[in-house]
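All figures in this text were calculated on a predicted structure; none of them were measured in a lab.
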Amino acid sequence: MGANDTGDAETDLGSELGRLKEEHRDLDAAIEALKVGIVSDQLQIQRLKKRKLFLRDRISHLEDQIHPDIIA
(Lines give C-alpha, C1' and ligand atoms only; values in the text may rest on other atoms or scores of the structure.)
Protein backbone atom coordinates (compact mmCIF):
# COMPACT_ATOMS: atom_id res chain seq x y z
CA MET A 1 0.00 0.00 0.00
CA GLY A 2 1.61 3.24 -1.12
CA ALA A 3 1.30 6.78 0.16
CA ASN A 4 -1.05 7.59 -2.73
CA ASP A 5 -3.43 4.80 -1.65
CA THR A 6 -4.08 6.62 1.61
CA GLY A 7 -4.86 9.83 -0.26
CA ASP A 8 -7.27 7.98 -2.56
CA ALA A 9 -9.05 6.46 0.44
CA GLU A 10 -9.42 9.88 2.06
CA THR A 11 -10.72 11.32 -1.21
CA ASP A 12 -13.27 8.50 -1.46
CA LEU A 13 -14.36 9.03 2.15
CA GLY A 14 -14.59 12.77 1.59
CA SER A 15 -16.75 12.25 -1.49
CA GLU A 16 -19.08 9.89 0.33
CA LEU A 17 -19.22 12.28 3.28
CA GLY A 18 -20.25 15.15 1.01
CA ARG A 19 -22.92 13.02 -0.64
CA LEU A 20 -24.34 11.90 2.71
CA LYS A 21 -24.43 15.46 4.06
CA GLU A 22 -26.29 16.60 0.94
CA GLU A 23 -28.83 13.78 1.31
CA HIS A 24 -29.24 14.68 5.00
CA ARG A 25 -30.04 18.32 4.06
CA ASP A 26 -32.45 17.14 1.36
CA LEU A 27 -34.29 15.03 3.92
CA ASP A 28 -34.68 18.09 6.14
CA ALA A 29 -36.39 19.90 3.27
CA ALA A 30 -38.61 16.90 2.46
CA ILE A 31 -39.69 16.50 6.08
CA GLU A 32 -40.55 20.20 6.36
CA ALA A 33 -42.51 20.07 3.10
CA LEU A 34 -44.54 17.12 4.40
CA LYS A 35 -45.22 18.87 7.71
CA VAL A 36 -46.51 21.99 5.95
CA GLY A 37 -48.77 20.07 3.57
CA ILE A 38 -52.52 20.04 4.07
CA VAL A 39 -52.52 16.32 4.89
CA SER A 40 -49.29 15.33 6.55
CA ASP A 41 -48.20 11.74 6.03
CA GLN A 42 -46.93 10.73 9.46
CA LEU A 43 -45.63 7.36 8.28
CA GLN A 44 -43.58 8.98 5.51
CA ILE A 45 -42.26 11.60 7.96
CA GLN A 46 -41.17 8.82 10.34
CA ARG A 47 -39.40 6.97 7.53
CA LEU A 48 -37.55 10.11 6.48
CA LYS A 49 -36.55 10.87 10.06
CA LYS A 50 -35.25 7.32 10.50
CA ARG A 51 -33.20 7.65 7.30
CA LYS A 52 -31.90 11.01 8.54
CA LEU A 53 -30.71 9.44 11.81
CA PHE A 54 -28.96 6.67 9.87
CA LEU A 55 -27.23 9.28 7.72
CA ARG A 56 -26.16 11.29 10.78
CA ASP A 57 -24.56 8.17 12.28
CA ARG A 58 -22.84 7.31 8.98
CA ILE A 59 -21.57 10.90 8.60
CA SER A 60 -20.16 10.81 12.13
CA HIS A 61 -18.44 7.49 11.42
CA LEU A 62 -16.86 8.80 8.20
CA GLU A 63 -15.71 12.01 9.89
CA ASP A 64 -14.05 9.90 12.59
CA GLN A 65 -12.26 7.88 9.91
CA ILE A 66 -11.06 11.01 8.10
CA HIS A 67 -10.05 12.85 11.28
CA PRO A 68 -9.43 10.28 14.03
CA ASP A 69 -9.51 11.51 17.62
CA ILE A 70 -6.02 10.38 18.67
CA ILE A 71 -5.24 10.73 22.35
CA ALA A 72 -1.51 11.10 22.84
Side-chain angles (χ1 to χ4, degrees):
M1 190 180 249
N4 197 23
D5 293 339
T6 303
D8 290 344
E10 280 190 29
T11 301
D12 291 345
L13 290 175
S15 296
E16 184 176 357
L17 181 60
R19 185 187 60 77
L20 292 174
K21 284 184 176 184
E22 181 178 352
E23 184 178 348
H24 191 266
R25 281 190 304 271
D26 291 346
L27 285 173
D28 272 335
I31 290 168
E32 285 305 311
L34 284 172
K35 285 181 180 178
V36 174
I38 295 172
V39 178
S40 66
D41 184 350
Q42 293 301 315
L43 183 59
Q44 184 65 15
I45 290 172
Q46 279 303 112
R47 287 179 180 149
L48 292 175
K49 285 182 176 182
K50 187 174 182 177
R51 175 69 180 160
K52 218 176 120 183
L53 287 172
F54 169 79
L55 289 173
R56 186 185 67 191
D57 290 343
R58 184 70 180 134
I59 288 167
S60 178
H61 177 74
L62 288 175
E63 287 176 338
D64 288 346
Q65 283 186 317
I66 293 171
H67 306 289
D69 187 17
I70 300 172
I71 300 173

Would you confirm whether Ser60, through its side chain, and Arg56, through its main-chain N or O, come within 3.5 Å as a donor-acceptor pair? no

Can you find a heavy atom in the side chain of Ile45 that is under 4.5 Å from one in the side chain of Lys49? yes

Close side-chain approach of Asp57 and His61, heavy atoms under 4.5 Å: no

Output for pair (Asp26 CG, Arg51 CZ), nearest 0.5 Å, gives 11.5 Å

Let's go through Ile31 and Lys35 carefully: what are the C-alpha distance in whole Å and the side-chain angles of both, what is the deciding distance for side chain to side chain contact (heavy atoms under 4.5 Å, CB included) to 0.1 Å, and is it a yes or a no? CA-CA 6 Å; Ile31 290 168; Lys35 285 181 180 178; 3.7 Å; yes

Joint cluster assignment, Ile59 & Leu53, ILVMFWY side-chain distance < 4.5 Å: no

Looking at CG of Leu34 and CD of Gln46, how far apart are the two atoms once the value is rounded to the nearest 0.5 Å? 11.5 Å

Considering only heavy atoms from C-beta outward, does the side chain of Lys21 approach that of Glu63 to under 4.5 Å? yes

Nearest-0.5 Å distance that lies between atom CG in Leu27 and atom CD in Glu32: 12.0 Å

Report the distance from atom NE2 of His67 to atom CG of Leu62, rounding to the nearest 0.5 Å. 11.0 Å

Using the test side chain to side chain contact (heavy atoms under 4.5 Å, CB included), find all partners of Arg19 that sit at least two apart in sequence or belong to another chain. Glu16, Glu23

Of all heavy-atom pairs between Ile66 and Gly14, which one has the smallest distance, and what is that distance? CD1-N, 3.9 Å

